[in-house]
Amino acid sequence: MKITLSVVKADIGGYVGHSASHPEVKEKAADELERAKKQKKLIDYKVLSCGDDLNLVMTHEKGEDNEEIHELAWNTFLECTEKARELKLYGVGQDLLTETFSGNIKGLGPGFVEMEFEERESEPVVIFMADKTSPGAWNFIVYKIFADPFNTPGLVIDPAMHDGFYFNVLDVYEDKFVTFKTPEELYDMLVFIGTTEHYCVKDVRKEEDGEKVAASTTQKLNLLAGRYVGKDDPVLIVRAQHGFPAVGEILEPFHFPHLVEGWMRGSHRGPLMAVPFEKATPSRFDGPPRVIAAGFQLANGKLIGPRDHFDDPAFDMAREKANEVADYMRTHGPFEPHRLPLDEMEYTTLPQVKKKLEGRFKSAK
Ligand code: 13P
Ligand code: 13P
Ligand code: MG
Ligand code: MG
């Protein structure tokens with residue numbers, strides 16, 4: 001059975017500030033998707049949130065880039081925006097850049113990721129949802145899962161994984177992508193994906209033109225809008241087991257809270273902290289950046305789950321380390337590398353301050 005798993009996400013208003021989604025907004029989203037399920041537009045759905053980002057997880061048989069599904073997600077966000085406006089939540093409709101829907105949600109603000117595949121005899125998937133960071137945060141993670149044998153022994157000992165994977169890497173500025181085959185082209189690939197704000201892993205496949213094994217949201221809101229509209233808090237889907245990495249191999253990279261871009265005002269570097277659903281409420285300095293892992297077994301498109309994978313004491317040390325690193329980074333205050341370089345900041349007063357000081361810069365030659 002060929003099914004499509006679509007995750008569409010948007011920040012339609014924060015409760016309080018940028019720290020969480022309001023329960024009534026989540027209920028509103030669930031009401032809309034329940035109606036669509038009754039009308040047989042969807043097989044199943046789940047509404048989840050990470051920080052102030054609302055995630056609609058949907059399954060259907062209509063394929064990727066389907067107008068009806070995109071419109072459903074769009075209209076759901078509009079309904080949620082009404083609720084958010086009523087509650088005067090913070091930054092209402094932050095990620096909705098237009099009033100009108102035009103056939104596809106691409107370019108309208110929300111992030112989305114879709115995968116159409118033949119549902120296997122057993123189809124475990126893990127959906128990562130993050131807040132206070134951007135899609136480049138997944139590069140390190142996806143590299144560890146699919147290309148690092150120290151993380152994923154399956155690359156060495158599972159005959160079905162031993163040939164490696166194809167990575168499609170997007171240049172987010174040029175809107176072009178390039179395919180790398182690992183392990184053969186690992187070093188070439190790392191030149192690009194190490195530059196996380198410019199190149200993002202769009203998806204991973206076992207055959208060059210085969211089904212996706214992993215896929216991520218790669219929209220860059222700030223580029224879309226040409227102005228600050230919030231970091232494009234990302235989602236990553238990874239299918240697990242039976243020729244793909246095991247669930248534990250997929251979760252393993254998060255033992256290390258690597259530094260990502262985002263955090264306060266989308267303008268700082270901080271550690272990505274793996275947390276249970278109920279702790280996905282960034283508070284300290286609007287962070288540190290958070291990620292949750294929702295596991296599902298698909299059963300003819302039905303979403304059996306979610307399992308809250310980071311609700312596990314085995315990730316306590318990662319969280320402790322993240323807190324230590326957060327403290328260390330915070331101590332830099334307004335200095336790089338905690339604060340992002342000028343061209344990557346979401347906020348800047350540089351033009352105004354430069355203008356004020358015009359004429360005061362003297363030749364140093
Ligand atoms: P199974 O043999 O049950 O698939 O488990 C192997 C595995 O992937 C554990 O990591
Ligand atoms: P969000 O991108 O999650 O809305 O956060 C924006 C921000 O400014 C946090 O300080
Ligand atoms: Mg927000
Ligand atoms: Mg957010």
Side-chain angles (χ1 to χ4, degrees), residues 7-26 29 47-56 77 80-81 83-85 87-97 108-113 127-138 172 196-197 200 216-236 259-275 277-292 294 326 329-330 332-334 338-340 344-349:
V7 183
V8 189
K9 53 117 336 219
D11 175 351
I12 49 100
Y15 164 65
V16 171
H18 290 283
S19 64
S21 287
H22 195 279
E24 288 182 37
V25 170
K26 291 174 78 173
V47 176
L48 291 157
S49 63
C50 183
D52 58 4
D53 289 272
L54 190 62
N55 293 272
L56 313 179
F77 287 140
C80 292
T81 302
K83 178 50 82 181
R85 194 165 282 133
L87 301 172
K88 291 186 70 178
L89 299 182
Y90 192 70
V92 169
Q94 178 175 292
D95 286 355
L96 309 186
L97 305 179
L108 303 187
F112 69 97
V113 50
I127 306 179
F128 296 102
M129 302 161 201
D131 188 33
K132 305 295 176 275
T133 186
S134 55
W138 302 136
V172 290
T196 54
E197 277 306 282
C200 295
S216 77
T217 50
T218 44
Q219 295 77 30
K220 277 198 70 77
L221 264 184
N222 48 345
L223 293 182
L224 282 172
R227 63 187 170 85
Y228 176 70
V229 282
K231 273 273 172 196
D232 27 356
D233 302 314
V235 174
L236 170 71
L259 291 173
V260 298
E261 302 198 346
W263 207 347
M264 173 58 76
R265 297 172 186 273
S267 303
H268 293 81
R269 283 197 185 89
L272 184 62
M273 189 189 253
V275 291
F277 298 167
E278 64 161 18
K279 305 280 190 226
T281 49
S283 298
R284 183 187 177 186
F285 200 58
D286 284 359
R290 304 291 154 112
V291 56
I292 57 170
M329 293 302 282
R330 276 301 300 125
H332 293 77
H338 179 35
R339 202 217 67 200
L340 291 179
E344 283 169 33
M345 286 166 70
E346 306 268 359
Y347 279 71
T348 176
T349 45

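Numbering of ligands and ligand atoms starts at 1, following listing order. Everything quoted here is computed from the prediction, not taken from an experiment.
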A student checking ligand 2 against D233 at a 4.0 Å heavy-atom cut-off should list atoms 1 (P), 2 (O), 3 (O)
D11/H18 under side-chain contact (heavy atoms from CB on, under 4.5 Å): CA gap, chis, key distance, verdict: CA-CA 9 Å; D11 175 351; H18 290 283; 4.2 Å; yes
In D53, the N/O/S atom nearest the Mg ion (ligand 4) carries the name OD2
One should read off an interatomic distance between L96 CG and T81 OG1, to the nearest 0.5 angstrom, of 4.5 Å
Under 30°, 30 to 60°, or over 60°: which ring-plane class applies to H338 and H268, parallel, tilted or perpendicular? tilted
Going through the checks in order, is the side chain to side chain donor-acceptor pair (under 3.5 Å) test met by T217 and K9? CA-CA 9 Å; T217 50; K9 53 117 336 219; over 6 Å; no
For the Mg ion (ligand 3), the nearest N/O/S atom on D11 is atom OD2
The Mg ion (ligand 4) has as its nearest N, O or S atom from D131 the atom OD1
Of all the N, O or S atoms in H18, the one nearest to the Mg ion (ligand 3) is ND1
Of M264, Q94, R265, the one whose closest heavy atom lies nearest atom 4 (O) of ligand 2 is Q94
Restricting D233 to its N/O/S atoms, the closest one to the Mg ion (ligand 4) is OD2
Note: heavy atom closest to atom 3 (O) of ligand 2, options K132, H18, R290, belongs to K132
The Mg ion (ligand 3) has as its nearest N, O or S atom from D52 the atom OD2
So for atom CZ, which belongs to F285, do other residues, nucleotides or ligands contribute more than 12 heavy atoms lying within a distance under 6.0 Å? yes
In ligand 2, the atoms that come under 4.0 Å of a heavy atom of D11 are 4 (O)
Note: T196 and C200 closest approach over all heavy atoms is O-SG, 4.0 Å
- Message: Is it the case that atom NZ in K26 sees more than 12 heavy atoms from other parts of the structure closer than 6.0 Å?
- Response: yes
